[in-house]
Peer 1: 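Structure provided below as structure tokens; questions to follow.
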Amino acid sequence: MGEEEIHTWRSHVLVLPFPVQSHINPMIQFSKRLASKGLKVTLATTIFISKSMQAEAGPVRIESFSDVYDEGGVKEGGSKNDRIELFKDVGSKYLQELIEKQNRSGYPFKCLLYDSVILWALDIAKKFGLIGAAFYTQSCSVNAIYYNVQKGLLSTPIEGPTISVPGLPLLETHELPSFVYKIDSYPCILSLVLNQFSNIQEADWHFLNTFDKLEDEVVNWMAKQSPTRMIAIGPTVPSMYLDKRVEGDNDYGLHLFTPNSETCMKWLDTKEVGSVVYVSFGSLASLGEDQMEEIAWGLRRSNFYFLWVVRASEENKLPSNFVEEISEKGLVVRWCRQLEVLAHQAVGCFVTHCGWNSTLEGLSLGVPMVAMQQWVDQTTNAKFIEDVWRVGVRAKVDEKGMVRREEVEVCIREVMEGERREEIKRNAVRWKGLAKEAVDEGGSSDTNIEEFVARVLCI
């Protein structure tokens, strides 16, 4: 073992994400950034997740443990609360064993980088004398709302039509995360996202999955709430689509579904620049049959080419014979490599559920958006897409909470050919440039990461 390799092993970071794709992907990307700057990185996750990890994870070593749901993940059932408690029980035991094993190897971990919702991980870091670094996978704006609720600065249930939160624009009640404005909807998950701030004073570092210019005011406000460093390190998008400084980093390296890349790319290659509407609602969202039908006919009414990702579990919700009837204008696939699609010159619009990863990807690749938010943080992200960053429009829902086909058509037309098209496109290009600037050498996010790496290396 050469001197350089030994030096790297003595600067070893253990990464623990919450075991769902939307949390794992940004932490994988941050891990790759750390590895590119000279740190050895090991990522611990469940067996089910590890089986979906691809070779693209590259320099990040994967360690896996059983949480009982080894074959089907969330598909195997169990209540959310039971799964969270089980992950805590088996995860904490495994993590301690892994740390002790690495200590005996002579090349111990120096830092535990954990998903901020895994509250118990910080206790383990402190027990073994490791740097404890929390990673916040959602937007800083959403986390600021959760922080205000957790600290009692924002009382619930929410009263009044508008809400004021430091660092944020005035928000209407329905623009808050769904767990907050529907306080009784998912109590166990609400507890998870609120409690991530209960030990904010104890963590040594806090990493925000955003970049300064995207959420500058609220990032500065949140940073003042912690006595230790809280810094923006995003956007956590594969390097190929931003600065291209991390060799071979063109994908996240995790696919819970098999992407149909060749079919998508061949189809897009036959279309003119900016002529295609790309539609995806992520890996978890499950729309009702009526809503799927409204989207389907809204896409057809718009008369634009469209590429629609419909997971296998959702296919039965499509209108009868829809795929056959739209074959000349549309392509429906079960999964795709989203970044590859968004980067294609034929794509002119992204109809999105506004998950934070998808939102960052759309911003980083400069693609105008139609926001069709569903729940969780997506309602707040949609607000920012339309009113703050001004890179798209929000679809309006009717009294039943449904986006009707006419509204789908109107929104797509507004982004693709309407009066606001040029403004939206111009803003999208601007944010694309700022996202790249943040991770370029000397950019704000890159400088923040360098500061952390220097701290770990000097231990």
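Everything numeric here is computed off the predicted structure, so don't read it as measured data.
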Peer 1: Is a donor on one side and an acceptor on the other found under 3.5 Å between the side chain of Ser275 and the backbone of Lys271?
Peer 2: no
Peer 1: Check whether any side-chain N or O of Asn448 sits under 3.5 Å from a backbone N or O of Ala232 as a donor-acceptor pair, and report yes or no.
Peer 2: yes
Peer 1: Step through it carefully: locate the ring centre of Trp120, locate the ring centre of Tyr114, and say whether they are under 6.0 Å apart.
Peer 2: no
Peer 1: For residues Ser358 and His353, determine if any side-chain heavy atom of one lies less than 4.5 Å from a side-chain heavy atom of the other.
Peer 2: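 Ser358 reaches His353 side chain to side chain.
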Peer 1: Could you tell me the separation between the OG atom of Ser302 and the CD1 atom of Ile412, rounded to the nearest 0.5 Å?
Peer 2: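 Answer rounded to 0.5 Å: 4.5 Å.
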Peer 1: Rounded to the nearest 0.5 Å, what's the gap from CD1 on Ile200 to OH on Tyr147? Could you check?
Peer 2: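 One finds 5.5 Å between CD1 of Ile200 and OH of Tyr147.
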Peer 1: A quick test of your reading: do over 12 heavy atoms of other residues, nucleotides or ligands sit less than 6.0 Å from CD of Glu272?
Peer 2: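 Atom CD in Glu272 is not crowded, with 12 or fewer foreign heavy atoms closer than 6.0 Å.
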Peer 1: Check whether more than 12 heavy atoms from other residues, nucleotides or ligands sit under 6.0 Å from atom NZ of Lys317, and answer yes or no.
Peer 2: yes
Peer 1: Is it the case that Glu215 and Thr210 place a side-chain donor and acceptor less than 3.5 Å from each other?
Peer 2: yes
Peer 1: Looking at side-chain heavy atoms only, is the closest gap between Thr380 and Ser139 below 4.5 Å?
Peer 2: no
Peer 1: Which heavy atom in Met292 sits nearest to a heavy atom in Leu318, and how many Å separate them?
Peer 2: CE-CD2, 4.0 Å
Peer 1: Compare every heavy atom of Gly234 with every heavy atom of Val439, then report the nearest pair and how far apart it is.
Peer 2: CG1-O, 3.9 Å
Peer 1: How long is the gap from NE2 on His344 to SG on Cys336, to the nearest 0.5 Å?
Peer 2: 12.0 Å
Peer 1: What heavy-atom pair brings Arg33 and Ser36 nearest, and what distance separates the two atoms?
Peer 2: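 Looking at all heavy atoms of both residues, the shortest contact is O-OG, 2.7 Å.
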Peer 1: Closer than 4.0 angstrom, basic N to acidic O: yes or no for Arg426 and Glu422?
Peer 2: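 So Arg426 does not pair with Glu422 through a salt bridge.
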Peer 1: So Val408 and Glu294, side-chain contact (heavy atoms from CB on, under 4.5 Å) or not? Walk me through it.
Peer 2: CA-CA 8 Å; Val408 174; Glu294 293 299 318; 5.5 Å; no
Peer 1: Between the side chain of Thr173 and the main-chain N/O of Gly160, is any donor-acceptor distance below 3.5 Å?
Peer 2: yes
Peer 1: Could you check if a side-chain atom of Cys349 sits within less than 4.5 angstrom of a side-chain atom of Val367, using non-hydrogen atoms only?
Peer 2: no
Peer 1: Hey, can you tell me if Phe207 and Trp205 have their rings parallel, tilted or perpendicular (30° and 60° cut-offs)?
Peer 2: parallel
Peer 1: Evaluate the side-chain proximity of Glu63 to Leu14: yes if any heavy-atom separation is below 4.5 Å, no if none is.
Peer 2: no
Peer 1: Without swapping roles, check the side chain of Gln138 against the backbone of Trp356 for a donor-acceptor pair under 3.5 Å.
Peer 2: no
Peer 1: Where do Pro17 and Phe87 come nearest, in terms of heavy atoms and distance?
Peer 2: O-CZ, 4.0 Å
Peer 1: Could you verify whether a donor N or O on one side chain and an acceptor N or O on the other, from Ser116 and Gln196, lie under 3.5 Å apart?
Peer 2: yes
Peer 1: In plain terms, say whether Arg421 and Glu414 are close enough for a salt bridge, that is, a side-chain N and a carboxylate O under 4.0 Å apart.
Peer 2: no
Peer 1: Decide whether Tyr181 and His174 meet the rule of one side-chain donor and one side-chain acceptor closer than 3.5 Å.
Peer 2: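 No, because no side-chain N or O of Tyr181 sits under 3.5 Å from a partner of the opposite role on His174.
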Peer 1: For the residue pair Arg300 and Glu325, establish whether any side-chain heavy-atom pair is separated by less than 4.5 Å.
Peer 2: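 Arg300 vs Glu325: side chains touch.
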Peer 1: Quick one: does Ser31's side chain have a donor or acceptor within less than 3.5 Å of a partner on Met27's backbone?
Peer 2: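 Looks like yes, one N/O pair under 3.5 Å.
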Peer 1: Side chains of Trp389 and Asn427: closer than 4.5 Å at any heavy-atom pair?
Peer 2: no
Peer 1: What verdict does the side-chain contact (heavy atoms from CB on, under 4.5 Å) test give for Tyr278 and Val351, after you've listed the backbone C-alpha separation in whole Å, the side-chain angles of each residue and the deciding distance to 0.1 Å?
Peer 2: CA-CA 6 Å; Tyr278 169 60; Val351 178; over 6 Å; no
Peer 1: Has Asp212 got a side-chain atom pairing as donor or acceptor with Asp216's backbone, closer than 3.5 angstrom?
Peer 2: no
Peer 1: Does Ala223 offer a backbone N or O that forms a donor-acceptor pair with the side chain of Ser226 under 3.5 Å?
Peer 2: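 Answer holds: no.
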Peer 1: Show your reasoning for whether side-chain contact (heavy atoms from CB on, under 4.5 Å) applies to Val403 and Ile295.
Peer 2: CA-CA 8 Å; Val403 179; Ile295 293 169; 5.9 Å; no
Peer 1: Does this structure show an ion pair linking Arg334 with Glu314, if we count only N-O contacts that are shorter than 4.0 Å?
Peer 2: no
Peer 1: Is a side-chain donor-acceptor pair under 3.5 Å present for Thr236 with Asn209?
Peer 2: yes
Peer 1: Between Arg61 and Thr42, do the side chains contain an N or O donor and an N or O acceptor separated by less than 3.5 Å?
Peer 2: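 Note: Arg61 and Thr42 side chains meet the donor-acceptor criterion.
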Peer 1: How far does CD of Gln373 sit from CD of Gln378, to the nearest 0.5 angstrom?
Peer 2: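 Answer rounded to 0.5 Å: 8.0 Å.
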Peer 1: Under 3.5 Å, is there a donor-acceptor pair between the side chain of Thr162 and the main chain of Leu171?
Peer 2: no
Peer 1: Given side chains that start at C-beta, do those of Val15 and Ile28 come closer than 4.5 Å, heavy atoms only?
Peer 2: no
Peer 1: Does atom CD of Glu247 have more than 12 heavy-atom neighbours from other groups under 6.0 Å away?
Peer 2: no
Peer 1: One pair to check against salt bridge (Lys or Arg N to Asp or Glu O under 4.0 Å): Lys266 and Glu262. What are the steps and the verdict?
Peer 2: CA-CA 6 Å; Lys266 283 185 176 180; Glu262 185 176 357; 3.0 Å; yes
Peer 1: Going through the checks in order, is the side-chain contact (heavy atoms from CB on, under 4.5 Å) test met by Leu113 and Phe30?
Peer 2: CA-CA 10 Å; Leu113 171 65; Phe30 186 53; 3.6 Å; yes
Peer 1: Should Glu437 and Lys213 be marked as a salt bridge (Lys or Arg N to Asp or Glu O under 4.0 Å) after you check the CA-CA gap, both sets of side-chain angles, and the distance that decides it?
Peer 2: CA-CA 10 Å; Glu437 183 181 292; Lys213 290 183 180 178; 2.8 Å; yes
Peer 1: Does Arg394 come within less than 4.0 Å of Asp387, counting only side-chain N to carboxylate O?
Peer 2: yes
Peer 1: Is the shortest side-chain N to carboxylate O distance from Lys436 to Asp243 below 4.0 Å?
Peer 2: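 Looking at Lys436 and Asp243, the cut-off is not met.
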Peer 1: Using modelled atom types and a 3.5 Å cut-off, is there a donor and acceptor pairing between side-chain atoms of Thr270 and backbone atoms of Trp267?
Peer 2: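 Such a contact is found between Thr270 side chain and Trp267 backbone.
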Peer 1: Please check: side-chain N/O of Thr137 versus main-chain N/O of His23, any donor-acceptor pairing under 3.5 Å?
Peer 2: no
Peer 1: Write down the atom of Cys411, the atom of Ala395, and the distance for their closest heavy-atom approach.
Peer 2: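 Minimum heavy-atom separation between Cys411 and Ala395: SG-CA, 3.6 Å.
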Peer 1: Without hydrogens or angle criteria, can the side chains of Gln150 and Ser198 be said to hold a donor-acceptor pair below 3.5 Å?
Peer 2: no
Peer 1: Looking at Glu315, I want to see if its CD is surrounded by more than 12 non-hydrogen atoms of other residues, nucleotides or ligands under 6.0 Å.
Peer 2: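 Atom CD in Glu315 is packed in, count exceeds 12.
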Peer 1: Find out whether Val277 and Leu307 are in side-chain contact, i.e. whether some heavy atom of one side chain is under 4.5 Å from a heavy atom of the other.
Peer 2: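 The answer is no; the side chains never approach within 4.5 Å.
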Peer 1: Is any side-chain N of the basic residue among Glu417 and Arg413 closer than 4.0 Å to the acidic one's carboxylate O?
Peer 2: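 Yes.
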Peer 1: Hey, what do you get for NZ (Lys151) to CZ (Phe197), rounding to the nearest 0.5 Å?
Peer 2: 9.0 Å
Peer 1: For Phe384 and Ser141, work out which heavy atoms get closest and say how close.
Peer 2: CZ-OG, 3.4 Å
Peer 1: Once you round to the nearest 0.5 Å, how far does CD of Gln225 lie from CG of Asn143?
Peer 2: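 CG of Asn143 is found 12.5 Å from CD of Gln225.
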